[in-house]
Amino acid sequence: MAKGLTRRGFIASVAAAGAARFVPMVVTKLGGRRILELVVDKATGTLRAVERLVD
């Protein structure tokens, strides 16, 4: 693996990439409003974008 990329970080990035491909298909079928929040990930000390669906 690349230097500085932990196993936990790698798994998280792969999961996020998979979710990024899957979520838009679900959203178009369900409708509703999407809310995007920025949250601090305490484990890594970085900001993450979290998207929620609200009817």
* **From CA spacing to verdict: side chain to side chain contact (heavy atoms under 4.5 Å, CB included), Leu36, Val50** => CA-CA 6 Å; Leu36 184 67; Val50 176; over 6 Å; no
Hits for side chain to side chain donor-acceptor pair (under 3.5 Å) against Thr44, two or more places apart or cross-chain, chain-then-number order -> Asp41, Thr46
By side chain to side chain donor-acceptor pair (under 3.5 Å), Arg52 pairs with (sequence neighbours left out) Glu37
